[in-house]
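What follows is one structure encoded as C-alpha cells, with my remarks underneath.
We're numbering straight along the sequence, starting at 1. Being a predicted model, the structure only gives us computed values, none of them experimental.
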Amino acid sequence: MKTRMIGPFKALALACASLSLLLQVSAARADEATVSILEPKSGATVTSPFRVRLAAHAMTTQATGKAVENTGHHHLLINHSPIGKGKVIPRDDTHIHLDQGQTETMLNLPPGKYKLTAQFADGEERSYGHMMAHGINITVK
C-alpha cells in the first residue's frame, strides 16, 4: 500500500474546508425546533413535590387558542412516549397541559421510577410529534 503525503498548505486548506462544513451543519441544527427538559436531569432521584422546567428552541411558547405557525405550548407526559404529529394530546392525570404558556410545573408523584416526556403542541392541542419531544427517566423516593 502506497502512502501519499500532502503539503502543509493542502492540509490546512482541507482542515479549513472540513471545519467550515461542520460549522454550517451545526448552524443548521441550531435553528431546528426542539424541546427539552431542563430540570430534573435524566437519571435524577427526586423527592415529591419537585419542579419540572421545560424549554423550547426555535419556537415561541404561548397560551392555547388558535394554531399559529412556529408557536405552541408545553405538555408533560408521565410514563408515555411522544404523541404522533397532528394527534390531539389527551387530557388526564398523566398528560399535564401547560395551557397558559408556562415553562415549569410542580409534580407530586408517589415513590417509583418514571419516564417524563416533554411534548410541544400547537394552540389547538395537536402534537408537533417526536421531533418536538424529549424524554428522561427519574426516580422519586
Side-chain angles (χ1 to χ4, degrees), residues 1 3-141:
M1 175 181 252
T3 302
R4 187 172 195 195
M5 299 290 287
I6 60 173
F9 293 112
K10 275 190 176 179
L12 181 59
L14 284 171
C16 288
S18 296
L19 180 58
S20 176
L21 182 60
L22 180 62
L23 290 174
Q24 289 174 12
V25 170
S26 294
R29 287 187 179 156
D31 291 338
E32 286 182 22
T34 60
V35 67
S36 59
I37 299 174
L38 302 175
E39 181 185 335
K41 298 294 184 195
S42 189
T45 298
V46 298
T47 304
S48 282
F50 61 95
R51 180 184 326 277
V52 179
R53 288 189 323 126
L54 308 166
H57 177 72
M59 293 287 269
T60 301
T61 302
Q62 66 180 32
T64 57
K66 61 181 181 175
V68 177
E69 189 173 344
N70 297 321
T71 69
H73 62 284
H74 293 283
H75 298 82
L76 188 60
L77 315 181
I78 302 170
N79 293 332
H80 292 284
S81 296
I83 295 175
K85 186 173 183 173
K87 293 187 178 181
V88 174
I89 297 176
R91 284 193 178 272
D92 60 36
D93 291 343
T94 60
H95 296 83
I96 311 300
H97 290 246
L98 283 74
D99 288 340
Q100 299 305 308
Q102 309 96 303
T103 58
E104 63 180 56
T105 189
M106 296 297 288
L107 284 184
N108 192 2
L109 298 173
K113 293 184 181 288
Y114 294 90
K115 175 183 180 180
L116 301 181
T117 302
Q119 178 72 67
F120 211 64
D122 70 16
E124 296 175 348
E125 303 292 351
R126 293 179 305 225
S127 170
Y128 280 111
H130 75 278
M131 296 301 290
M132 286 295 292
H134 175 241
I136 65 168
N137 294 304
I138 64 164
T139 302
V140 178
K141 66 174 188 172

For H74, what residues pass the ring-ring contact (aromatic ring centres under 6.0 Å, His included) criterion, not counting sequence neighbours?
F120
Closest non-hydrogen atom pair between [X] and [Y], with its separation:
X: Q102; Y: Q100; value: OE1-N, 2.8 Å
X: L116; Y: I37; value: O-CD1, 3.6 Å
X: A67; Y: R126; value: CB-NH2, 3.4 Å
X: S48; Y: N108; value: CB-OD1, 3.1 Å
X: F50; Y: V140; value: CE2-CG2, 3.9 Å
X: H97; Y: I89; value: CE1-O, 3.5 Å

Taking the six-membered ring for Trp, is the centroid-to-centroid distance between H73 and H75 below 6.0 Å?
yes
Any ring pair (Phe, Tyr, Trp, His ring centres under 6.0 Å) involving residues 98-117? Give me the pairs, sequence neighbours left out, ordered by first then second residue.
none
Mind checking the [atom1]-[atom2] spacing from [X] to [Y]? Nearest 0.5 Å is all I need.
X: T105; Y: I96; atom1: OG1; atom2: CD1; value: 7.0 Å
X: M59; Y: E32; atom1: CE; atom2: CD; value: 12.5 Å
X: I138; Y: K115; atom1: CD1; atom2: NZ; value: 13.0 Å
X: N70; Y: D122; atom1: CG; atom2: CG; value: 11.5 Å
X: H95; Y: I83; atom1: NE2; atom2: CD1; value: 4.5 Å
X: L77; Y: D92; atom1: CG; atom2: CG; value: 9.5 Å

Mind checking whether [X] and [Y] have side chains closer than 4.5 Å, heavy atoms only?
X: N79; Y: T94; answer: no
X: P82; Y: T117; answer: yes
X: V52; Y: P40; answer: yes
X: L107; Y: L76; answer: yes
X: E125; Y: R91; answer: yes

Examine distances only and state if a side-chain atom of S36 and a backbone atom of L38 form a donor-acceptor pair shorter than 3.5 Å.
no
In this structure, are over 12 heavy atoms from other groups packed under 6.0 Å from H130 atom NE2?
no
Would you check if there is a donor-acceptor pair between the side chains of H134 and T34 at a distance under 3.5 Å?
no
With sequence neighbours left out, what residues match S42 under side chain to side chain contact (heavy atoms under 4.5 Å, CB included)?
I136
